[in-house]
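The next block holds one structure in the form of structure tokens; read it before the comments.
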Amino acid sequence: MVGTERRPRVGILALQGDVREHAAALREVGAEPVEVRLPRDLAGVEALILPGGESTTMRRLIDAYGLAEPILSLAASGAPMWGTCAGMILLARRITDGDEPILPLLDIEVRRNAYGRQLDSFEADLAVPALGDELLHAVFIRAPVVTDVGPGVEVLATDPMGRTVAVRQGRLLATAFHPELTGDRRFHRALVDLIGVETRA
């Protein structure tokens, strides 16, 4: 658990997506946000958020800026990571349409745009028992779903149709929805709390 006197540095991959919203949420839970655009920006970062966006574009930018290996090295050092929406796709080891994985860290299979187009975006209240009894309001925007999980992956939440939309594997978190767009900070706090926590996965 991170004490209130310390402000851990949490990176946000700042290529696309809700960088400002994640930064504001991190400040609310006592962390110092760091925008990451180049490998040098990862210096001193203790955890990393991979936000939403368009996963194909993000793949191209990650390759163009040489970020893949430094991010994989950061994960190997034990830094917690959390992918939201397209960030979940970035972390997945398998993508259903046959695309090559981007940062294959999380033992899940995902389907991109599983709910349809932008006009099919929706909101729902989800049970997330690992974060407490209160329902969590979730915003889904062209969201992926998890179609398969490996043996070391814990399902944290499912959508109203029973599809997996939030998972955890050791220090890795992924959500198909956007907690940064609501006032609920439990996922941001959970990421910060993983810093320094021993885990077997």
Side-chain angles (χ1 to χ4, degrees), residues 10-19 21-23 33-43 45-118 121 140-156 163-180 187-188 191 194 199 201:
V10 177
I12 306 167
L13 188 64
L15 304 177
Q16 279 191 326
D18 298 325
V19 177
E21 290 82 357
H22 274 300
V34 178
E35 295 189 7
V36 174
R37 295 184 177 83
L38 297 170
R40 67 187 182 211
D41 300 328
L42 290 167
V45 162
E46 298 170 82
L48 181 66
I49 293 175
L50 301 104
E54 204 288 311
S55 60
T56 302
T57 301
M58 294 176 81
R59 176 200 299 272
R60 180 166 50 80
L61 294 172
I62 286 170
D63 289 342
Y65 294 123
L67 282 161
E69 287 303 321
I71 291 174
L72 293 172
S73 295
L74 183 67
S77 74
M81 295 191 179
W82 171 27
T84 61
C85 196
M88 169 186 272
I89 299 169
L90 297 184
L91 292 177
R93 288 186 187 167
R94 299 176 297 283
I95 302 172
T96 56
D97 62 7
D99 278 358
E100 289 295 313
I102 302 167
L103 302 164
L105 293 165
L106 185 55
D107 190 12
I108 59 173
E109 179 184 82
V110 298
R111 176 180 296 128
R112 298 187 300 183
N113 301 330
Y115 297 96
R117 306 171 66 179
Q118 186 90 9
S121 299
F140 292 83
I141 303 172
R142 296 180 62 196
V145 296
V146 177
T147 53
D148 189 37
V149 299
V153 178
E154 177 185 5
V155 175
L156 299 179
R163 295 185 287 192
T164 298
V165 292
V167 296
R168 177 172 60 197
Q169 180 186 354
R171 291 189 175 93
L172 302 174
L173 295 168
T175 56
F177 48 89
H178 293 266
E180 76 279 7
F187 267 103
H188 290 85
L191 177 73
L194 283 172
T199 179

Tell me whether Asp41 contacts the main-chain N or O of Leu38 through its side chain, where contact means a donor paired with an acceptor under 3.5 Å.
yes
Say whether, by atom type as modelled, one donor and one acceptor occur between the side chain of Arg59 and the main chain of Glu100 under 3.5 angstrom.
yes
Just verifying a value: how many Å separate [X] [atom1] and [Y] [atom2], rounded to the nearest 0.5 Å?
| X | Y | atom1 | atom2 | value |
| --- | --- | --- | --- | --- |
| Leu15 | Glu35 | CG | CD | 10.5 Å |
| Arg142 | Asn113 | CZ | CG | 4.5 Å |
| Leu13 | Tyr65 | CG | OH | 11.0 Å |
| Thr147 | Arg111 | OG1 | CZ | 5.5 Å |

[X] vs [Y] side-chain heavy atoms within contact, under 4.5 Å:
| X | Y | value |
| --- | --- | --- |
| Leu103 | Leu50 | yes |
| Tyr115 | Val165 | yes |
| Thr57 | Gln16 | yes |
| Asp107 | Pro151 | yes |
| Val146 | Val153 | no |
| Thr175 | Leu156 | no |
| Arg112 | Thr56 | yes |
| Phe187 | Thr84 | no |

Tell me, with the steps shown, if Ile71 and Leu90 meet side chain to side chain contact (heavy atoms under 4.5 Å, CB included).
CA-CA 11 Å; Ile71 291 174; Leu90 297 184; over 6 Å; no
[X] to [Y] - nearest heavy-atom pair and separation:
| X | Y | answer |
| --- | --- | --- |
| Gln169 | Arg93 | NE2-NH2, 4.1 Å |
| Glu46 | Ala79 | O-CB, 3.5 Å |
| Ala174 | Leu106 | CB-CD2, 3.5 Å |

Identified side chain to side chain contact (heavy atoms under 4.5 Å, CB included) counterpart of Ile108 within the set Val167, Leu172, Leu91:
Val167
Side chain to side chain contact (heavy atoms under 4.5 Å, CB included) with Glu109: which of Ile95, Asp148, Val145?
Asp148
